[in-house]
Amino acid sequence: MELPKVLDRPLYCINSIALFWFLAFIVVGPKYTFGSSLLLLLAAILLPFNLPAARATLKEQAPWIIGLAVYTLYIVIYRALEGLPLSKLDPPFRLLAAIPILIHLRRYGFHPAAISLGAAASCLFGGGAGINEVLSGQAYRAGTTIAHHPIPYGTLVAMLAMCTLHAAVTSRARILQIAYFSCAVVGLAAVVLSGTRGLIPALVLAVGYLGYRSLANTRIHKAKSATAAIAVAILIGFAAYQTPTVKHRITETQAEIARLESGKLDSSFGVRLQMWHVALHLFAQDPLFGAGTGQEKRGAAAAEFMIEKNYDPSLFTAFDHLHSEYFDTLASYGLAGLGALLALLAGAVWRVPLPGRIPLVMVLAIVSIEALTETVFVDTKLTLGFVFLITALRARANNELAGTARTRFAYPPLPIPKKGL
């Protein structure tokens with residue numbers, strides 16, 4: 001059973017619009033946008049017609065599909081066994097929608113510029129809104145009022161800014177390079193204004209990797225390429241540290257370190273250290289499966305330990321997570337949960353050839369490094385943004401790898417008249 005080939009091109013165009021829409025409004029729009037809903041609807045309706053393509057995609061994309069399935073099902077089953085309500089099972093279960101969407105996107109394709117344009121538009125809309133939020137005095141940190149919190153806001157915008165910056169470097173049209181680069185700058189400025197300290201080293205690493213890969217394709221010696229990439233990354237980091245928001249956060253950090261040296265743990269870093277120590281204590285109680293997800297349950301299990309260490313008794317009432325994806329996972333789900341999380345992160349980039357792997361590594365660098373000091377996947381919008389962005393990037397990488405000889409449609413990325421506009 002197969003659809004008439006006359007429908008391939010309309011589906012190609014619809015996929016392109018839906019992907020653009022999802023990415024363009026993921027920052028300022030709702031969690032579940034028109035774009036993702038449309039793609040899921042089409043994927044579900046057309047799946048019976050795409051069984052041969054589905055088998056090929058499952059084999060080709062096995063690392064990502066297995067990682068996503070293992071991570072999602074482990075969390076859902078774990079929470080179900082804990083007796084949590086359906087409202088706690090639904091958000092992670094929805095991540096599995098990325099699998100039929102991936103099959104659909106690989107079968108019918110989409111314009112390769114849909115991701116780049118969507119990410120650029122999101123930097124412009126979402127990043128611009130965050131910058132305006134700070135400059136207008138509505139909030140001190142970007143993402144305070146227009147998003148759930150500055151940290152997930154900054155992380156989401158940082159991922160999209162990296163995709164936009166990659167598009168600026170790889171685009172062959174000068175006008176698109178300028179447009180992409182301008183949008184990436186807006187996004188990066190919003191990330192800096194979000195005041196999220198963990199994103200600065202993540203950005204430096206991601207941009208350094210992009211620079212190294214870009215220079216590696218030239219005739220420049222690899223050692224010189226690496227040196228140049230590191231120099232550019234350091235310059236970006238230095239420039240970021242000169243902004244008032246980052247300077248203020250540096251001052252705060254220095255003050256927090258001074259308080260830590262004097263034995264006081266009532267600062268942001270101090271609270272995190274308390275949380276991570278408690279997380280290790282909970283992990284030691286049940287290394288394989290952890291202490292469970294409920295804050296009340298975890299607080300009760302750690303109460304005696306916290307009293308002994310004179311830790312803040314409000315750690316499990318003032319916060320709903322332990323400010324580190326890795327420590328939080330160990331405390332809640334144990335080594336089995338950490339393995340599922342690492343399978344998700346590794347599956348994001350595994351078995352994706354260059355050059356399509358470059359933006360995937362950049363996005364993964366943002367999330368995995370920020371996850372050291374923040375529980376990133378506690379935010380539904382950020383989690384959905386990461387999963388569907390990785391899914392789209394993997395689909396695009398393999399679509400482009402197939403080449404024009406093996407794809408039904410092959411369009412150049414936004415052809416520009418040779419004589420200019």
Side-chain angles (χ1 to χ4, degrees), residues 22-23 26-27 31 63-65 67-68 70-72 74-75 91-92 94-95 98 115 118-119 122-123 126-127 143 147-166 184 187-188 190-192 194-210 233 272 321-330 332-333 337-350 352 356-394 397:
F22 172 78
L23 293 173
I26 183 62
V27 175
K31 299 175 185 176
W64 175 235
I65 292 174
L68 182 60
V70 167
Y71 175 77
T72 302
Y74 183 85
I75 290 178
R94 292 195 182 204
L95 299 180
I115 297 177
S122 201
C123 286
H148 172 66
H149 191 276
I151 292 176
Y153 164 83
T155 307
L156 186 56
V157 175
M159 292 191 302
L160 296 165
M162 291 301 94
C163 292
T164 308
L165 188 61
H166 175 261
L188 290 172
V191 172
V192 171
S194 73
T196 308
R197 288 174 287 195
L199 287 176
I200 300 302
L203 287 173
V204 170
L205 180 62
V207 173
Y209 175 77
L210 174 62
R272 279 175 165 81
H321 57 89
L322 297 177
H323 279 82
S324 169
E325 191 68 44
Y326 308 110
F327 281 114
D328 194 89
T329 299
L330 280 174
S332 301
Y333 302 108
L338 181 64
L341 173 63
L342 295 178
L344 175 75
L345 298 178
V349 297
W350 196 3
V352 179
R357 193 194 314 148
I358 296 175
L360 284 162
V361 172
M362 296 173 73
V363 170
L364 181 63
I366 296 296
V367 169
S368 58
I369 293 175
E370 176 62 14
L372 291 170
T373 57
E374 186 63 34
T375 312
V376 291
F377 292 145
V378 75
D379 185 85
T380 303
K381 180 182 284 192
L382 174 57
T383 307
L384 286 171
F386 171 74
V387 168
F388 283 94
L389 181 57
I390 292 294
T391 299
L393 287 171
R394 287 187 67 102

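Hydrogens, waters and symmetry mates are skipped; everything else that's a heavy atom, side chains included, is used.
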task: Please list, chain by chain and in numerical order, all residues satisfying side chain to side chain contact (heavy atoms under 4.5 Å, CB included) with H321, sequence neighbours excluded.
output: H323, D328, E374, T375, V378

- request: Nearest 0.5 Å please: distance from the OG1 atom of T155 over to the CG atom of L199.
  value: 4.5 Å

query: What's the spacing between D379 CG and L156 CG if we round to 0.5 Å?
result: 8.0 Å

- request: Just do the side chain to side chain contact (heavy atoms under 4.5 Å, CB included) check on V207 and M162 with the steps written out, would you?
  value: CA-CA 8 Å; V207 173; M162 291 301 94; 4.0 Å; yes

message: Looking at every non-hydrogen atom in both residues, tell me the closest pair between A147 and Y153 and how far apart they are.
response: CB-CB, 3.7 Å

field: Side-chain donor or acceptor of Y74 paired with backbone N/O of Y333 under 3.5 Å
entry: yes

field: Taking every non-hydrogen atom, the tightest pair across A397 and G356
entry: CB-CA, 3.8 Å

- request: Kindly give the heavy-atom pair with the smallest separation between T164 and C123, and that separation in Å.
  value: OG1-SG, 3.7 Å

message: If we ignore hydrogens and angles and just use 3.5 Å, is the side chain of E325 paired with the main-chain N or O of F377 as donor and acceptor?
response: yes

- request: Quick one: closest heavy-atom pair of L205 and A365, and the distance?
  value: CD2-CB, 4.4 Å

- request: List the atom of V387, the atom of T391, and the distance in Å for their closest heavy-atom pair.
  value: O-OG1, 2.8 Å

Side-chain (Y209) to main-chain (V204) donor-acceptor, under 3.5 angstrom: no

- prompt: Nearest 0.5 Å, what's the CD1-CE distance between I26 and M159?
  reply: 8.5 Å

- prompt: Any donor-acceptor pair under 3.5 Å linking the side chain of R394 with the backbone of V352?
  reply: no

statement: Between S122 and L160 the two heavy atoms that sit nearest each other are OG-CD1, 3.3 Å

- request: Classify the ring geometry between W64 and F386 as parallel (under 30°), tilted (30 to 60°) or perpendicular (over 60°).
  value: perpendicular

query: Are T196 and E370 close enough, and set up right, to give a side chain to side chain contact (heavy atoms under 4.5 Å, CB included), and what steps lead you there?
result: CA-CA 9 Å; T196 308; E370 176 62 14; 3.3 Å; yes

statement: Rounded to the nearest 0.5 angstrom, the CZ-CZ distance for F327 and R272 is 12.5 Å

task: Mind checking the CD1-CG spacing from I358 to L393? Nearest 0.5 Å is all I need.
output: 12.0 Å

- request: Step by step, work out the side chain to side chain contact (heavy atoms under 4.5 Å, CB included) result for S194 and V157.
  value: CA-CA 10 Å; S194 73; V157 175; over 6 Å; no

- prompt: Under the 3.5 angstrom rule, does the side chain of T329 hit a backbone N or O of G337 as a donor-acceptor pair?
  reply: no

message: Would you say that C163 contacts L389 through its side chain, given a criterion of any heavy-atom pair below 4.5 Å between the two side chains?
response: yes

message: Rounded to the nearest 0.5 Å, what separates atom CZ in F22 from atom CD1 in I115?
response: 11.0 Å

message: Set out, in order, the CA-CA distance, both residues' side-chain angles and the distance that settles side chain to side chain contact (heavy atoms under 4.5 Å, CB included) for L203 and L188, then state yes or no.
response: CA-CA 9 Å; L203 287 173; L188 290 172; 3.8 Å; yes

